Colleague: 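Pasting a structure here, questions to come.
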2 protein chains.
Amino acid sequence: MTGATTPARGRKRSEQTRLAILTAAYELTTEVGYPDLTIEGIAARAGAGKQTVYRWWPTKADVLLEALALKADLNVSTADQGSFDAELDAFLRDSAALMAFPGVVPVLRSLMAEAQRDADFRRRFQDGFLIKRRAALETIVERAAARGDKPAHLTAAFAADLVFGLIWYRVLATERLLGQDDITAIRRLLNEHPGEE
Amino acid sequence: MTGATTPARGRKRSEQTRLAILTAAYELTTEVGYPDLTIEGIAARAGAGKQTVYRWWPTKADVLLEALALKADLNVSTADQGSFDAELDAFLRDSAALMAFPGVVPVLRSLMAEAQRDADFRRRFQDGFLIKRRAALETIVERAAARGDKPAHLTAAFAADLVFGLIWYRVLATERLLGQDDITAIRRLLNEHPGEE
DNA sequence: GCTCATTCGAGACGTCACGTCTCGGAATAA
DNA sequence: TTATTCCGAGACGTGACGTCTCGAATGAGC
């Protein structure tokens with residue numbers, strides 16, 4: 001229950017090697033694709049030993065999950081902007097911007113795919129990525145509810161399922177990414193009867 | 001360009017073996033999980049040779065895709081029921097019923113995961129499954145549009161993205177499947193301002 | 001400065017499924 | 001009958017897996 005579990009003896013973990021491994025994994029994924037990404041390949045490219053990778057990450061997907069946080073800006077805007085619509089718009093723009101980062105879409109696809117195969121990684125992916133994004137959007141919806149600025153019958157959980165569902169379905173099952181017209185359509189749908197234009 | 005490409009000589013393909021392979025693949029997936037599903041294992045369980053499997057299916061995912069069509073009812077209702085809401089309701093109920101088939105959810109997850117890793121299979125999965133479901137829902141929306149029974153600004157493509165996005169996101173990223181309350185919420189959202197109750 | 005725990009790069013090791021290939025036999029149309 | 005195709009069975013080389021071992025480097029406690 002104490003914060004300091006280990007007195008910390010011996011040689012310390014090399015931050016330089018850690019970054020080299022994460023960078024190697026991210027770059028290799030874009031070059032050869034996730035299926036041909038191997039722990040051995042990551043270690044070789046990073047100039048590290050296999051055991052060094054296995055010591056800190058259980059699977060190649062975990063390496064990539066951490067690399068994603070390093071290579072792309074995962075922050076999402078949740079600042080109070082006065083209206084539900086404005087905050088929703090900012091959230092959707094942030095999400096679209098994330099997808100525009102080079103290499104992010106293939107990595108996200110690979111991580112979601114791996115989460116279907118490995119139940120343990122699934123939980124880590126949930127905790128380390130999915131629920132953080134969900135929390136941001138749910139914050140926005142709940143603030144709108146407190147403000148009286150939200151459609152009736154729209155729960156935060158359902159709104160999150162809808163928005164993330166659309167984003168992920170586009171990534172996983174189509175070639176079309178989130179565009180300005182999609183953002184417009186979502187805002188129109190989720191706001192109380194928009195009254196046309 | 002002709003329909004009959006081959007004069008058909010020699011021994012004919014064994015339908016019995018085909019069914020044994022599909023059944024073995026489906027059952028093995030529920031027993032050991034997709035990652036531990038192997039072509040060798042499928043052939044062994046089916047009492048077939050490896051080459052027999054490789055001759056007819058390029059990957060284990062293709063075997064499973066065909067097995068799904070054999071083991072579950074993939075039909076969706078698109079019959080004209082007079083109103084958009086009634087047809088949407090029927091569609092959603094059919095979709096929920098499909099997920100309730102034993103073993104279907106794990107198989108769907110595996111297929112979508114494989115589609116992220118293998119671009120060729122991705123296309124076959126699109127053509128053999130995804131676009132058929134999309135077409136059914138788009139038919140419903142377009143009929144509603146012709147009927148004047150559809151919310152303005154709601155295109156068939158966007159409606160399909162929303163509905164399938166929700167369904168797939170639930171399957172892939174959460175543990176919650178589509179329930180009656182979800183069906184109600186979608187109907188309320190997609191119909192022209194429901195006017196509360 | 002000495003000790004000892006820990007991480008480091010490097011690579012050997014047995015295991016397992018991959019996808020290809022070969023074999024002899026069975027089925028079927030010409 | 002003959003040519004062709006599919007069948008079950010399994011051998012084969014390949015490559016990544018995850019574990020293990022090694023000697024060197026590092027760094028905190030004494």
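Nothing here was measured: the structure is a model prediction, and the numbers come from that model. Lettering follows sequence order; numbering is per chain, from 1.
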Colleague: Could you check B/S14 against A/P58 and say which one's nearest nucleotide on DNA chain D is further toward the 5' end?
Modeller: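 It is B/S14, whose closest nucleotide lies nearer the 5' terminus.
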
Colleague: Could you list the protein-to-nucleotides 15-18 of chain C atom pairs, N/O on both sides, closer than 3.5 Å?
Modeller:
| residue | atom | partner | partner atom | Å |
| --- | --- | --- | --- | --- |
| C/dC18 | OP2 | B/I39 | N | 3.4 |

Colleague: Only pairs under 3.5 Å count here: list side-chain donor-acceptor contacts from residues 74-86 of chain B, not counting sequence neighbours, and write none if there are none.
Modeller:
| residue | atom | partner | partner atom | Å |
| --- | --- | --- | --- | --- |
| B/N75 | ND2 | B/D73 | OD1 | 3.3 |
| B/D80 | OD1 | B/G82 | N | 2.8 |
| B/D80 | OD1 | B/R147 | NH2 | 3.1 |
| B/S83 | OG | B/A86 | N | 3.1 |
| B/D85 | OD1 | B/R187 | NE | 3.0 |
| B/D85 | OD1 | B/N191 | ND2 | 2.8 |
| B/D85 | OD2 | B/R187 | NE | 3.4 |
| B/D85 | OD2 | B/R187 | NH2 | 2.8 |

Colleague: The side chain of B/R55 lies closest to which of these nucleotides: D/dC6, D/dA28, D/dG8?
Modeller: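 Taking heavy atoms from C-beta onward, the closest nucleotide is D/dC6.
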
Colleague: Hey, could you give me each pair passing salt bridge (charged side-chain N to carboxylate O under 4.0 Å, His left out) that has a residue in residues 28-41 of chain B? Not counting sequence neighbours.
Modeller: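 Non-adjacent pairs meeting salt bridge (charged side-chain N to carboxylate O under 4.0 Å, His left out): B/E31-B/R45, B/E40-B/K50.
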
Colleague: Calculate the interatomic distance between B/R9 atom CZ and C/dT28 atom P; express it in whole Å.
Modeller: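 Those two atoms, CZ and P, are 14 Å apart.
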
Colleague: Partners of B/F125 by ring-ring contact (aromatic ring centres under 6.0 Å, His included), sequence neighbours excluded?
Modeller: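 B/F125 satisfies ring-ring contact (aromatic ring centres under 6.0 Å, His included) with B/F121, B/F129 only.
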
Colleague: Does anything in residues 26-34 of chain A reach DNA chain C, meaning a heavy atom under 4.0 Å, and if so which residues?
Modeller: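 When residues 26-34 of chain A is checked for heavy atoms under 4.0 Å from DNA chain C, there are no hits whatsoever.
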
Colleague: Report, one line per pair, each donor and acceptor closer than 3.5 Å where one atom sits in a side chain of residues 95-108 of chain A; sequence neighbours left out.
Modeller:
| residue | atom | partner | partner atom | Å |
| --- | --- | --- | --- | --- |
| A/S95 | OG | A/F91 | O | 3.1 |

Colleague: Which sits closer to the 5' end of DNA chain D, B/G10 or A/R11, going by the nucleotide each is nearest to?
Modeller: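 Comparing both residues, the 5'-ward one is B/G10.
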
Colleague: What integer distance in Å separates B/K12:NZ from C/dA30:P?
Modeller: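 So the two atoms are 10 Å apart, to the nearest Å.
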
Colleague: For C/dT6 and A/W56 - does any side-chain N or O of the residue sit under 4.0 Å from the phosphate oxygens OP1/OP2?
Modeller: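 No, no such contact exists.
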
Colleague: Whole-Å distance between D/dG18 P and A/D118 CG?
Modeller: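 After rounding, the gap between these two atoms is 10 Å.
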
Colleague: Partners of B/T52 by side chain to side chain donor-acceptor pair (under 3.5 Å), sequence neighbours excluded?
Modeller: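 So B/T52 forms no side chain to side chain donor-acceptor pair (under 3.5 Å) with any residue.
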
Colleague: Are A/E142 and A/K150 close enough for a salt bridge, meaning some N to O gap below 4.0 Å?
Modeller: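 Here A/E142 does not pair with A/K150 in a salt bridge, since their nearest N and O are not under 4.0 Å apart.
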
Colleague: Respond yes when some side-chain nitrogen or oxygen of A/T17 is under 4.0 Å from OP1 or OP2 of C/dG9, and no when none is.
Modeller: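 Looking at the OP1 and OP2 atoms of C/dG9, one of them is under 4.0 Å from a side-chain N or O of A/T17.
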
Colleague: Between P on D/dC17 and CH2 on A/W57, what's the gap in Å once rounded to a whole number?
Modeller: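 Those two atoms, CH2 and P, are 15 Å apart.
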
Colleague: Taking side chain to side chain donor-acceptor pair (under 3.5 Å) as the definition, give me every residue that meets it alongside A/T174, ordered by chain and number, with sequence neighbours left out.
Modeller: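 Listed in chain order: nothing, the list is empty.
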
Colleague: Flag the pair B/E138 and B/R143 as a salt bridge only when some basic side-chain nitrogen lies within less than 4.0 angstrom of an acidic carboxylate oxygen.
Modeller: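 So B/E138 does not pair with B/R143 through a salt bridge.
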
Colleague: Within this structure, what is the CG-to-P distance between A/L19 and C/dC8, rounded to whole angstrom?
Modeller: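 My rounded result for the distance is 12 Å.
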
Colleague: Over how many whole Å does the gap from A/R45 atom CZ to D/dA16 atom C1' extend?
Modeller: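 Rounding to the nearest Å, CZ of A/R45 and C1' of D/dA16 are 18 Å apart.
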
Colleague: For the side chain of B/Q51, counting heavy atoms from C-beta on, which of C/dT22, D/dC7, C/dG9 is nearest?
Modeller: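 Of C/dT22, D/dC7, C/dG9, C/dT22 is nearest to the side chain of B/Q51.
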
Colleague: Among all residues two or more places apart in sequence or in another chain, which pass the side chain to side chain donor-acceptor pair (under 3.5 Å) test with B/T17?
Modeller: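 By the side chain to side chain donor-acceptor pair (under 3.5 Å) rule, B/T17 matches B/S14.
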
Colleague: Tell me the interatomic distance from B/R117, atom CZ, to D/dA16, atom P, rounded to whole angstroms.
Modeller: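 Atom-to-atom, B/R117 to D/dA16, this comes out as 14 Å.
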
Colleague: Rounded to the Å, how far apart are A/Q16 CD and D/dT26 C1'?
Modeller: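 These atoms are roughly 14 Å apart.
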
